[in-house]
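The structure appears right after this line, and notes come after that.
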Amino acid sequence: MTSAPVQRPAVCVVGTVPGEGVQGRRIGIVDLDREGREFDRIDLAEEALPDHIRDRENGAGGEQKEARPRWVFSDTPKWYPPLLAAGVSIERCHDLRLTHAVIARSELVTAPEALRAAADWDAAPADATAADHAAALFDVDAGRGFIPQVPHDLEAALAEYARQTTAIENASDPGRLRLLLAAESAGGLVAAEMRSAGVPWDEAEHDRILTELLGPRPIRDGKPQKMLAKAEEVRAALDDPRANLDSPNRLLAALRNAGINVASTSKWELRTSEHPAIAPLLEYKKMARLLSANGWHWCDEWVDEGRYRPVYVPGGVVTGRWAASGGGALQIPRQLRPALRADKGWRLVSADVAQLEPRALAAMSGDRAMAAAGFGRDLYSGLVDAGVVSTRHEAKIAVLGAMYGSTTGEAGALVPRLRQNFPAAMHLVDSAAEAGRAGGVVSTWLGRTSPPPGERWQRLQREANRFDATVADEQRARRAAGDQGRFTRNFVVQGTAAEWALAWLADLRLRLAELPEIGAAADGGAGTRPAAASGPVFSRRAHLVFFLHDEVIVHAPAQQADEAAQAIRAAAASAGRLLFGDAPVDFPLDLSIGERALKD
DNA sequence: CTCAGCAGCGCG
DNA sequence: AAAGCGCGCTGCTGAG
């Protein structure tokens with residue numbers, strides 16, 4: 001056995017190294033101390049990596065738990081899924097691609113030049129789907145449609161890590177940036193872990209819902225019977241037996257022929273008509289949507305052995321929100337929520353934050369009046385009680401209007417009342433909008449910076465400033481400036497809310513990992529869990545299975561559900577303190593424990 | 001035939 | 001007659 005290392009690494013940089021031995025690819029690992037100096041370097045076969053990392057995480061060789069290193073990865077989706085598949089999870093990482101994306105653009109970074117020059121780090125994430133077909137893409141589509149990946153070799157990782165470290169150290173506020181980057185990287189781990197664990201999904205319940213609403217599953221790709229019947233109902237009401245309901249153009253023509261005067265076939269426009277064809281048509285459209293987006297075909301493709309495994313893309317939205325790339329994780333219709341169902345002997349603990357974005361705004365702007373209006377209660381009702389508006393509905397319209405930049409209609413009429421009552425909050429979003437209108441950038445609370453307007457935007461502004469500019473030129477430019485202003489106005493709020501949510505997620509992840517593993521007996525005995533559905537990492541304790549902007553779902557053994565709920569609450573409180581210190585803003589949760597993940 | 005762009009609607 | 005942010009996905013459409 002090896003003796004305990006004299007020095008404990010703060011950071012371990014992982015990457016591929018040249019030289020393919022008989023055992024396949026080799027992986028290098030460089031240990032850095034707290035000052036970033038290299039003090040050990042090893043290399044090993046790729047197959048040996050999971051065991052090596054497990055040993056280091058478990059403290060083999062005398063390392064204490066507190067001494068777990070931060071693993072530096074080129075791209076978490078490239079390195080972590082194989083570890084999870086081997087039953088290995090890690091505590092902390094530094095994702096070079098995610099970090100690069102933030103700090104190459106952050107206003108907090110004072111010397112971004114070296115980072116920006118390293119353009120090969122400015123790439124799309126490795127995507128499981130793309131990776132599967134990477135070889136084919138190379139052969140067939142070389143140079144076209146190929147998603148560039150970041151470098152995965154050790155030397156490139158070391159060089160980029162050094163550049164990033166320097167940039168962060170020299171930032172105007174390194175602490176804030178480090179907080180953001182740690183949360184961002186932790187998000188990368190969570191996304192991989194959630195995909196590995198999967199959302200427990202009751203396929204029979206899903207089928208039951210579809211059958212109830214659409215009729216039994218049709219053989220082959222036909223339309224289900226209730227949908228066909230509904231279509232006939234519409235055609236009868238239109239007195240047009242050949243009307244095509246699936247083509248917007250032809251549907252519009254059919255509606256016109258029936259004397260229904262609408263300019264488009266969208267929902268809100270159809271609702272204005274009283275014609276007897278409208279009600280069944282709206283029902284038909286809803287059915288068609290359910291069938292195509294989350295019907296049987298979707299279930300076949302995305303649900304396997306009782307687990308729904310969407311692909312998450314952390315940092316996929318410019319504001320810092322996550323995106324999805326496959327499986328539609330961000331748009332599961334509420335109709336289908338009952339299909340989320342805990343395994344036997346387990347529970348789903350679901351929690352969402354009430355009015356996260358306005359709370360983030362109150363906190364970051366230090367608006368004490370707004371914070372007080374929401375403290376310990378529904379923020380919208382708080383606005384009514386404070387006499388700012390007269391109904392909860394008005395409060396919601398006004399607050400959303402303030403954050404989105406509404407100027408007309410009901411929202412436009414209500415926003416000035418917020419400006420009067422919450423000057424600090426409104427000044428923050430108004431300033432952000434002004435910066436955007438002028439072509440500038442804005443930053444979130446922790447330092448994520450908005451992308452500057454593009455070349456098209458700059459051209460429109462130039463054209464409007466020429467001596468021979470037409471009225472149309474000026475209109476286009478003004479319009480584009482307004483759009484950019486509303487974007488930056490919303491960016492600071494949505495982005496800061498996303499930071500709070502990431503901090504919540506990161507903290508929760510660590511708390512859940514501290515919960516004890518339940519014993520084999522407590523696992524429920526025979527047949528309680530689909531054994532193949534998730535790896536050993538997630539089969540014995542509460543773990544995250546779903547995250548959607550301001551909402552988490554934890555799958556927990558029944559006897560651990562209360563502890564999981566407590567962890568969710570504690571993590572929310574911790575996230576608030578971490579970001580906003582002692583600011584008098586709270587982030588109350590709606591939390592429920594049950595076999596299903598039903599809200600309300 | 002492929003494919004980018006759009007409409008429409010789901011989510012926050 | 002939909003105003004006002006950020007997304008993804010599906011199916012239709014018109015162009016090549």
Side-chain angles (χ1 to χ4, degrees), chain A residues 140-141 144-145 221 223 244-252 261-273 281-282 284-295 297-298 301-302 310-337 352-358 360-361 396-415 429 432-433 436 442 444 448 450-451 479 482-498 500-501 546-552 599:
Chain A
V140 180
D141 277 7
R144 191 176 59 95
D221 287 333
K223 281 179 189 157
N244 182 341
L245 310 187
D246 300 318
S247 158
N249 280 355
R250 296 193 212 181
L251 175 58
L252 191 59
N261 211 6
V262 284
S264 81
T265 62
S266 57
K267 224 198 248 175
W268 55 84
E269 177 126 14
L270 293 176
R271 280 209 192 104
T272 61
S273 168
L281 176 57
L282 290 174
Y284 176 84
K285 283 164 90 72
K286 198 169 173 68
M287 294 162 109
R289 164 78 195 184
L290 178 63
L291 175 67
S292 67
N294 297 98
H297 184 255
W298 175 88
E301 188 171 353
W302 292 103
V311 179
Y312 294 99
V313 185
V317 180
V318 283
T319 58
R321 274 186 172 183
W322 287 15
S325 117
L330 277 51
Q331 26 188 148
I332 298 296
R334 307 186 77 85
Q335 285 172 303
L336 249 39
R337 280 298 180 109
D352 70 291
V353 195
Q355 306 101 29
L356 174 56
E357 291 189 356
L361 172 58
K396 190 169 177 176
I397 296 287
V399 168
L400 293 179
M403 295 187 305
Y404 294 166
S406 301
T407 54
T408 62
E410 196 183 352
L414 291 167
V415 169
V429 287
V442 296
T444 60
R448 192 188 307 264
S450 65
R479 166 92 202 183
D483 287 349
Q484 188 67 17
R486 284 189 303 280
F487 167 64
T488 50
R489 171 191 293 271
N490 188 246
F491 182 95
V492 292
V493 180
Q494 189 183 112
T496 299
W500 182 92
F546 192 72
F547 168 61
L548 181 55
H549 307 320
D550 62 353
E551 175 187 1
V552 295
K599 282 216 261 182

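Order of the sequence lines sets the chain letters (A, B, ...), proteins ahead of strands, with each chain counted from 1. All values reported here derive from a predicted model rather than from experimental measurement.
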Side-chain atoms of residues 310-324 of chain A: list all donor-acceptor pairs with protein atoms under 3.5 Å, sequence neighbours left out, distances to 0.1 Å.
unit_1: A:T319; atom_1: OG1; unit_2: A:Q494; atom_2: OE1; d: 2.7
unit_1: A:R321; atom_1: NH2; unit_2: A:E357; atom_2: OE2; d: 3.2

Report summary line: Readout for nucleotides 6-13 of chain C: B = base within 4.0 Å of protein heavy atom, S = sugar-phosphate only, - = neither; 5' to 3' it is BSBSSSSS
Query raised in the report: Is any side-chain heavy atom of A:V353 less than 4.5 Å from a side-chain heavy atom of A:W500?
Result: yes
Query raised in the report: Applying the side chain to side chain contact (heavy atoms under 4.5 Å, CB included) test to A:L361, which of A:V492, A:V429, A:L356 qualifies?
Result: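 Of all the options given, the one that passes is A:V429.
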**Report entry** Candidate list A:L400, A:V399, A:V493, test side chain to side chain contact (heavy atoms under 4.5 Å, CB included), partner A:P358, passing option
**Finding:** A:V399
Query raised in the report: For A:K267 and B:dG10, is the shortest distance between a side-chain N/O and OP1 or OP2 below 4.0 Å?
Result: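 So the side-chain polar atoms of A:K267 do come within 4.0 Å of the phosphate oxygens OP1 or OP2 of B:dG10, strictly under.
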Contact class for [X] (heavy atom, under 4.0 Å): base, sugar-phosphate, or nothing?
X	result
A:E357	nothing
A:L400	nothing
A:T272	nothing

**Report entry** Identified pairing partner of C:dA3, criterion: Watson-Crick or G-U wobble below 3.5 Å
**Finding:**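 Looking at the geometry, C:dA3 pairs with no nucleotide.
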Please give, in whole Å, the distance from [N] [atom2] to [X] [atom1]?
X	N	atom1	atom2	answer
A:L290	B:dG10	CG	P	10 Å
A:L336	B:dC9	CG	P	18 Å
A:Q484	C:dC5	CD	C1'	12 Å
A:R479	C:dA3	CZ	C1'	11 Å
A:R334	B:dG12	CZ	C1'	10 Å
A:W500	B:dG12	CH2	P	16 Å
A:Q335	B:dG10	CD	C1'	10 Å
A:F546	B:dC11	CZ	P	11 Å

Query raised in the report: How far apart are the C-alpha atoms of A:T407 and A:V415, what are their side-chain angles, what is the distance that settles it, and do they pass the side chain to side chain contact (heavy atoms under 4.5 Å, CB included) test?
Result: CA-CA 8 Å; A:T407 54; A:V415 169; over 6 Å; no
Query raised in the report: Partners of A:D246 by salt bridge (Lys or Arg N to Asp or Glu O under 4.0 Å), sequence neighbours excluded?
Result: A:K223
Report task. With DNA chain C as reference, determine whether A:W268 or A:M403 sits nearer its 5' end, using the nearest nucleotide of each. Result -> A:W268
Report task. Begin from the C-alpha positions of A:L336 and A:L290 and carry the test side chain to side chain contact (heavy atoms under 4.5 Å, CB included) through to its verdict. Result -> CA-CA 9 Å; A:L336 249 39; A:L290 178 63; 4.1 Å; yes
Report task. Pick the P atom in B:dA7 and in C:dA1, then give their distance to the nearest Å. Result ->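 The same atom, P, in both gives a distance of 15 Å.
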